[in-house]
Amino acid sequence: MRVLFVTTEMDDFVRVGGLGAVSAALPRALRSFADIRIMLPGYRDIIEQLTHIQVVGRCPAFAEMPACSLGRAATKDGLPVYVLLCSQLYDRPGNPYGDEFGRDWPDNDIRFARFASAAAELAMGKLDKNWAADLIHANDWQASLVPAYLAWRGAKLPSILTIHNLAYQGLFPKDSLRRIGAPESSFHIDGVEFYDQVSFLKAGLVYASHLTTVSGTYAREITTAEFGCGLEGLLRLRSDAAELTGILNGIDESWDPRSCAQLAQQFGAGDWVGKKANADYVRKQFGLAVSRGPMFGIVARLVHQKGIDLVLSAADEIVDAGGQIVVTGSGEPALEQALIDAHRRRPDAIGVAIGFNDAQARRIFAGSDFTLMPSRFEPCGLSQMYAQRFGSLPIGHQTGGLAETISDGETGFLFSRPSRESFLGGVRRAFSAFMAHDQLDTMRRSAMGRSFSWSISAGSYSALYRKLASV
């Protein structure tokens, strides 16, 4: 079965959030089930890292979208990758979505519509004369126009849209309709219109054959007003028609502290001396005081959704009780600055590294006793899985994938509301467990014994692919 996996991030080349990790791992897990090929925009970072790109097709200019070429290459382990080559749209500094200062590119509608339009053409067999897709799997708002272009061009190809985070919707002025070559007739409540704007995400929700999201809990949550971001009515309709499925993400096999090369010292369950060696390394790296108290790690995007403000409000109590906090990530400038200020106030107990480095993140998971995840909502979350594998017990809000992957009191701690008091309730339980050595040992062993293999998710996706292709 031939599947085109359309994404704007892939850890092999470029990563902004969890989508990059999923796009690197899930297609590889699906290789035994399908001839699966990735399609990515031709960002500068990707072009520089691919050793040989063969041009296999060309897309003429369309509406206000420039002409471009389609290249084919492969990852080091042979996974086929298509890249859309258009330097004026993708050869830019910054990240895939915005400039060095975090501002969205003003032509993101053109950039991602051009990408989605080309993906639809490739899937239909119009770009690579040697390949066409039986099914197309699009991810998040940046690829959400793929099912729409298929529908507007009369293609009968089945499509899946995976919602990794409903809060990011790709909203643009009505004028975008003309710029991206979408039919005027699609601008209505049952099409791409959302409060008099064009919503790329809504286009996918309307036109895709099937919708998936990254946990069963989140699939239910997004049909409610609290989590539905104004799209809950449409999502309820798709859910009631059995066209919305939650499939939990996994993590790859490299998340094993017994073999992870980036750690200060490798260790397994029960080897708490090895775990302590990582804690000592992290304390030294961040300039923290020698301590016998617990270390709380945060590896996250520093945004409101992740509840970083709740951590800031609780930081003094954590430190006064003998804890230390180590943070790495980037995001909203105000939260970054607030964390830097907290570090300056308590440099012996709060360590902050703005930016993301995979090796440093792994060492924080390995060295910390607990991982803080007070997210207001969390479609799936990967950090709580990484943390458990590395013996760091997650403290998470009981929502989305956190509720599914943390066993309260066994492999971590869940708290019920995204408030300071509720969060501190989870933190205090963690302090109690830290003092009770037998309980801490049992919980760590249980957490490290958890399996979050991608093979389970891949099996679910494979079954869904087969079902849609047979309709």
Side-chain angles (χ1 to χ4, degrees), residues 17-22 25-26 164-165 213-219 221 246-257 260 269 275 294-303 305-308 310-311 314 325-329 331 356 358 361-418 422-423 425-427 429-430 433-434 440 443-454 456-457:
L19 175 60
V22 173
L26 177 57
H164 295 267
N165 192 333
T213 191
V214 289
S215 70
T217 304
Y218 192 60
E221 287 177 343
I247 300 175
L248 191 69
N249 284 337
I251 58 175
D252 69 55
E253 299 304 317
S254 72
W255 290 93
D256 186 337
C260 181
K275 184 165 175 63
M295 184 190 298
F296 296 81
I298 302 174
V299 179
R301 282 183 300 115
L302 306 178
V303 296
Q305 175 210 330
K306 298 292 185 180
I308 304 302
L310 298 178
V311 175
I325 302 170
V326 177
V327 184
T328 188
F356 182 81
D358 182 65
R362 288 170 182 259
R363 288 192 284 266
I364 290 172
F365 285 125
S368 61
D369 300 291
F370 305 101
T371 292
L372 300 177
M373 294 195 71
S375 303
R376 286 177 165 80
F377 63 95
E378 193 61 72
C380 176
L382 298 175
S383 287
Q384 79 278 13
M385 300 188 210
Y386 300 150
Q388 287 173 79
R389 295 287 293 128
F390 278 37
S392 179
L393 305 178
I395 303 168
H397 175 211
Q398 192 163 359
T399 186
L402 301 180
E404 283 183 40
T405 54
I406 301 170
S407 297
D408 186 42
E410 296 177 16
T411 67
F413 304 94
L414 292 169
F415 57 94
S416 59
R417 295 184 309 283
S422 187
F423 170 51
V427 169
R429 291 174 66 204
F434 185 80
L440 185 67
M443 290 184 72
R444 279 178 174 170
R445 289 175 184 273
S446 296
M448 294 177 75
R450 295 288 299 272
S451 172
F452 300 106
S453 169
W454 270 111
I456 302 165
S457 311

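Any value given below was found using the heavy atoms of this structure, including those in side chains, with hydrogens, waters and symmetry copies removed.
Between the side chains of E404 and T217, at least one donor N or O lies within less than 3.5 Å of an accepting N or O. Side-chain polar atoms of Q398 and D408 form no donor-acceptor pair below 3.5 angstrom.
Between F413 and A433, the shortest heavy-atom distance links the atoms CZ-CB, 3.7 Å. For the pair S375 and T399, the tightest heavy-atom approach, listed with the atom from each and the gap, is O-CG2, 4.0 Å. Contact record, Q305 with R301: OE1-NH2, 3.4 Å, taken as the closest heavy-atom pair. For the pair S215 and L248, the tightest heavy-atom approach, listed with the atom from each and the gap, is CB-CD1, 3.7 Å. Across P379 and N165, no two heavy atoms sit closer than the pair CG-CA, 4.0 Å. When every heavy atom of Y386 is checked against every heavy atom of A21, the shortest pair comes out as OH-CB, 4.0 Å.
At a threshold of 4.5 Å between non-hydrogen side-chain atoms, the residues E253 and S453 count as touching. Side-chain contact between V427 and F296 is present, with at least one heavy-atom pair separated by less than 4.5 Å. Side-chain contact between N249 and L382: present, with at least one pair of heavy atoms (C-beta onward) separated by less than 4.5 Å.
Distance OG1/T328 to CZ/R363: 10.5 Å, rounded to 0.5 Å. In this structure, CG on L372 lies 11.0 Å from OG on S383, to the nearest 0.5 angstrom. Distance check: M385 CE to T405 OG1 gives 5.0 Å after rounding to the nearest 0.5 Å. Here R444 contributes atom CZ and T411 contributes atom OG1; the two are 14.0 Å apart, rounded to the nearest 0.5 Å. Here Q388 contributes atom CD and M448 contributes atom CE; the two are 11.5 Å apart, rounded to the nearest 0.5 Å. In this structure, the separation between OG1 on T371 and CE on M295 is 11.0 Å, given to the nearest 0.5 Å.
Of the possible donor and acceptor atoms, none in the side chain of W454 sits under 3.5 Å from a partner among the backbone N and O of L26.
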Quiz prompt | salt bridge (Lys or Arg N to Asp or Glu O under 4.0 Å) assessment of K275 paired with D369 | solution = CA-CA 9 Å; K275 184 165 175 63; D369 300 291; 5.6 Å; no
Practice problem: Quick one: do V22 and V214 satisfy side chain to side chain contact (heavy atoms under 4.5 Å, CB included)? Show the steps, please. | Solution: CA-CA 10 Å; V22 173; V214 289; 5.6 Å; no
Exercise. Begin with the C-alpha distance, continue with both residues' side-chain angles, and end with the deciding distance and a verdict on side chain to side chain contact (heavy atoms under 4.5 Å, CB included) for L393 and L440.
Key: CA-CA 9 Å; L393 305 178; L440 185 67; 4.1 Å; yes
Practice problem: Applying side chain to side chain contact (heavy atoms under 4.5 Å, CB included), run through F423 and V311 and close with a yes or a no. | Solution: CA-CA 8 Å; F423 170 51; V311 175; 4.1 Å; yes
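For the side-chain contact (heavy atoms from CB on, under 4.5 Å) criterion with K306, the lone passing option out of R376, H397, E378 is E378.
By the 30° and 60° cut-offs, the orientation of the rings of W255 relative to F365 is perpendicular.
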